[in-house]
Participant: 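Before we start, here is the structure in question, set down as structure tokens.
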Amino acid sequence: MRQSSVRGDRSRRRRRQPDAQELGWDDSLYEDTGLPPDAPGWTPPEGGAVPAGDGAGNGDGPDDGAHRKGGRPRKGKGKGRKVLRWTALTVAVVIVGAAGAGYWYYEHLNANLRKAPRSLGGGGLKKPEPNAFGQTPLNILLLGSDGRNSKKDIELGGARQDADRKPLADVEMLLHVSADRSNMSVISIPRDTRVTIPQCTDPKTHEVYKQTTAAINQSLQHGGPGCTLATWQELTGVYIDHFMMVDFSGVVDMADAIGGVPVCVDGNVYSHDSKGHGSGLKLTKGTHSVQGVQALQWLRTRYGFEDNSDIGRTKAQHMYMNSMVRQLKANAKLTNPGELRDLAEAATKALTVDDGLNTVTKLYDLGGDLNRVPTKRITMVTMPWVYSPGGEYVLPKPGDAEQTFALLRSDTALDGKDRKKKPAADPKASTPKGQLEVVVQNGTNSTVSGPASGRAKVVQQQLANLGYGAASTTSVLTSQADTTLTYHGADRRGDALAVAKALGLPKSAVRESSSATGMQLVVGNDWRSGATYPKQQDGGKSADKAPESADALNGEDTKACMKVNPQYTF
């Protein structure tokens with residue numbers, strides 16, 4: 001992306017995107033510099049002067065530091081003072097059925113962010129082991145809240161009688177960035193999907209919400225976004241690093257700051273009927289640039305697209321998100337500091353983030369990871385689903401939904417375009433069975449199902465029966481969807497494959513890890529009973545792309561157009 005500096009420096013391109021600390025975005029700088037002179041709530045020091053090197057690092061006047069309240073600071077040398085410079089302009093975009101994130105700017109934006117605990121549920125799901133190169137995938141849960149907690153939200157969202165109710169997470173997407181940052185997969189779950197919501201505790205009131213079965217959007221009412229994250233982890237088996245959530249007003253502000261996102265309909269559409277159904281969206285056939293309230297209407301439209309269900313709405317959100325990413329990557333005007341200032345202000349005020357993303361520094365660096373993914377390797381899908389017997393809600397489609405989740409767990413791109421390596425001959429074991437140390441761990445500590453007791457001991461005993469007398473167990477419980485056998489160093493692969501073969505594990509379960517100190521077997525929730533790994537229905541073969549029922553959309557698809565329901569045309 002184009003790099004630009006503040007006033008007084010010349011714009012230039014860089015070959016490499018700098019990280020936050022190279023820009024001076026070290027959180028320690030924020031401790032004693034105070035607010036920048038143009039931040040909300042800033043007041044000039046006694047005498048009205050602003051020290052040189054004020055934190056904005058720019059200016060075009062004399063070096064005497066003279067400055068009027070609310071204006072731009074004067075340029076100064078600032079020797080010996082801590083300076084927060086905002087020279088690089090990189091936009092990180094994440095849109096949630098409602099909005100996204102672009103982060104640049106400096107310290108006072110931190111105060112805009114609302115923070116909440118990452119997870120409110122129990123269980124011991126752990127972050128994946130880093131691969132042989134020390135890389136791990138990145139998973140971010142994107143939520144769109146229908147909260148009506150402000151006058152503006154009520155005006156935009158309607159239903160004033162719901163103003164006092166807890167918000168629902170009506171838009172839910174999991175963004176998965178591969179460990180090598182070469183591709184991104186986004187999976188949406190329809191808001192009415194019936195799932196198990198684990199027990200969660202509200203971090204503010206300490207109210208305990210018992211485990212229940214309900215529509216997934218209700219999980220937000222069980223203590224906040226941390227409970228929705230816990231619900232997703234339990235459903236998918238995917239460890240989720242962070243969440244971002246935005247409400248109605250945030251969508252409008254973000255869309256206005258971006259300046260419009262192109263969307264397409266295959267016919268005239270008016271999302272409105274005599275019964276009060278519809279978002280109010282009204283467009284003629286073709287492509288339109290939507291922003292502000294109209295962007296919110298697009299993202300909320302259910303009556304008017306396809307079968308008037310949440311499935312069509314999800315597809316429209318995918319189209320908007322893809323178009324927004326393309327718009328931001330291609331739009332040169334967003335290298336303008338003023339434009340980015342508006343975007344950053346709107347984004348930070350719109351977002352609620354987890355406590356691991358509590359500063360602009362962290363969001364900026366996260367944006368760098370997202371920006372590395374080429375648009376052509378972004379794939380958006382909807383969780384494969386089926387209607388319940390009565391048609392009141394949807395359920396994960398047996399087989400296809402789990403296949404999609406498994407691809408994310410194994411860090412396999414949903415587009416099927418991961419480079420296929422020519423299989424090499426399997427190395428032979430180099431360590432005598434009786435001397436090979438394997439630590440077995442029980443990974444069945446599911447929040448919903450509870451741990452299957454004694455799993456580590458059962459499998460360790462089976463290894464001993466097979467001649468692996470040095471195998472041992474650890475009493476530490478964890479939660480993992482798939483059974484894995486990790487090892488450190490390419491020279492240990494032959495030994496690991498021999499252990500896997502003895503237990504009936506597929507080769508895909510054997511993984512090299514840069515952080516492993518030895519060989520570790522984690523018995524996952526796919527092996528909750530028995531001494532031998534159960535035979536899989538697919539014969540142990542791993543899928544290499546999303547199933548057709550996931551309705552995949554590629555990030556570079558500029559011809560995608562929403563199908564208009566004939567009942568809502570004009």
Side-chain angles (χ1 to χ4, degrees), residues 94-101 113-123 125 138-149 165-176 186-248 250-251 299-300 310 313-314 317 321 350-358 382-383 385 393-396 401 405 408 446-448 479 481:
V94 179
I95 180 82
V96 270
L113 292 168
R114 288 164 287 182
K115 297 95 176 178
R118 188 192 72 86
S119 178
L120 303 182
L125 192 63
L138 177 64
N139 294 295
I140 307 168
L141 183 62
L142 312 177
L143 303 174
S145 161
D146 74 346
R148 295 164 173 87
N149 301 320
R165 75 152 166 81
K166 294 181 179 180
L168 298 165
D170 274 356
V171 177
E172 304 189 17
M173 300 180 183
L174 181 61
L175 187 155
H176 171 90
V186 181
I187 178 171
S188 291
I189 291 183
R191 66 174 188 174
D192 295 328
T193 303
R194 188 60 60 95
V195 298
T196 298
I197 301 175
Q199 178 173 302
C200 294
T201 302
D202 190 307
K204 295 181 179 178
T205 67
H206 305 294
E207 180 178 355
V208 176
Y209 294 86
K210 296 296 184 181
Q211 178 178 309
T212 187
T213 300
I216 194 168
N217 68 341
Q218 295 180 27
S219 59
L220 188 63
Q221 297 181 330
H222 292 211
C227 191
T228 303
L229 183 146
T231 302
W232 269 78
Q233 287 195 155
E234 189 63 39
L235 174 66
T236 65
V238 175
Y239 178 87
I240 301 175
D241 301 271
H242 303 291
F243 67 73
M244 296 181 181
M245 182 173 72
V246 70
D247 56 20
F248 290 142
V251 180
L299 293 164
R300 297 186 66 206
D310 195 48
R313 172 163 47 193
T314 298
Q317 291 162 358
M321 183 174 180
L351 288 172
T352 298
V353 297
D354 68 273
D355 40 23
L357 286 178
N358 57 359
T382 300
M383 177 198 73
W385 56 274
Y393 50 85
V394 300
L395 297 167
F405 300 150
L408 298 186
S446 165
T447 303
V448 172
S479 181

Participant: Using atom types as modelled and distance alone, determine if a side-chain donor or acceptor of E207 lies under 3.5 Å from a backbone N or O of D202.
Facilitator: no
Participant: Taking I189's backbone N and O only, do any of them form a donor-acceptor pair with T193's side chain (distance below 3.5 Å, no angle check)?
Facilitator: no
Participant: How close do Y393 and R194 get, counting heavy atoms only, and between which atoms?
Facilitator: CD2-NH2, 3.3 Å
Participant: Measuring from atom CG of L138 to atom NE2 of H176, what distance do you get when rounded to the nearest 0.5 angstrom?
Facilitator: 9.0 Å
Participant: Is there a side-chain contact between V171 and L143 (heavy atoms, below 4.5 Å)?
Facilitator: no
Participant: To the nearest 0.5 Å, what is the distance between CG on L174 and CZ on F405?
Facilitator: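 Rounded to the nearest 0.5 Å, the CG-CZ separation comes out at 9.0 Å.
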Participant: Does H222 reach the side chain of Q199, with side-chain heavy atoms less than 4.5 Å apart?
Facilitator: no
Participant: If you look at every heavy atom in L235 and P396, which pair is closest and at what distance?
Facilitator: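 So the minimum-distance heavy-atom pair works out to CD1-CG, 4.2 Å.
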Participant: Between CG of N139 and CG of L141, what distance do you get to the nearest 0.5 Å?
Facilitator: 9.5 Å
Participant: What distance separates E172 CD from I187 CD1, expressed to the nearest 0.5 Å?
Facilitator: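 That separation rounds to 11.5 Å.
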Participant: Are Q317 and M173 packed together at the side-chain level, in the sense that at least one heavy-atom pair is separated by less than 4.5 angstrom?
Facilitator: yes
Participant: Taking D170 first and then R191, would you say they form a salt bridge - that is, a charged N and a carboxylate O separated by under 4.0 Å?
Facilitator: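 A salt bridge links D170 with R191.
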Participant: Test I240 against W232 for side chain to side chain contact (heavy atoms under 4.5 Å, CB included), laying out the working first.
Facilitator: CA-CA 8 Å; I240 301 175; W232 269 78; 3.6 Å; yes
Participant: Flag the pair M321 / L175 as yes when at least one side-chain heavy-atom distance between them is below 4.5 Å, and no otherwise.
Facilitator: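 They are in contact (side-chain heavy atoms under 4.5 Å apart), so the answer is yes.
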Participant: Measure the CG-CG distance between L351 and L142 for me, rounded to the nearest 0.5 Å.
Facilitator: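 Taking CG in L351 and CG in L142, the distance rounds to 9.5 Å.
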Participant: Check I197 against C227 and note the closest heavy-atom contact, atom names and distance.
Facilitator: CG2-SG, 3.9 Å
Participant: Is it true that S446 and E234 share a donor-acceptor pair across their side chains at a distance under 3.5 Å?
Facilitator: yes
Participant: Between T352 and A116, which heavy-atom pair has the shortest distance, and what is it?
Facilitator: CG2-CB, 4.4 Å
Participant: Quick check: closest heavy atoms across L220 and P225, and the distance to 0.1 Å?
Facilitator: CD1-N, 3.3 Å
Participant: Are L120 and P203 side-chain neighbours, meaning at least one heavy-atom pair lies under 4.5 Å?
Facilitator: yes
Participant: Can you measure from CG (L113) to CE (M244) and round to the nearest 0.5 angstrom?
Facilitator: 9.0 Å
Participant: Quick check: does any side chain N or O of R118 sit under 3.5 Å from a backbone N or O of H242, one acting as donor and the other as acceptor?
Facilitator: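 The answer is no, because no donor-acceptor pair under 3.5 Å joins these two groups.
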Participant: State, to 0.1 Å, how close V195 and T231 come at their nearest heavy-atom pair, and which atoms those are.
Facilitator: CG2-CG2, 3.7 Å
Participant: Any donor-acceptor pair under 3.5 Å linking the side chain of D354 with the backbone of P117?
Facilitator: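 Looks like no, no N/O pair under 3.5 Å.
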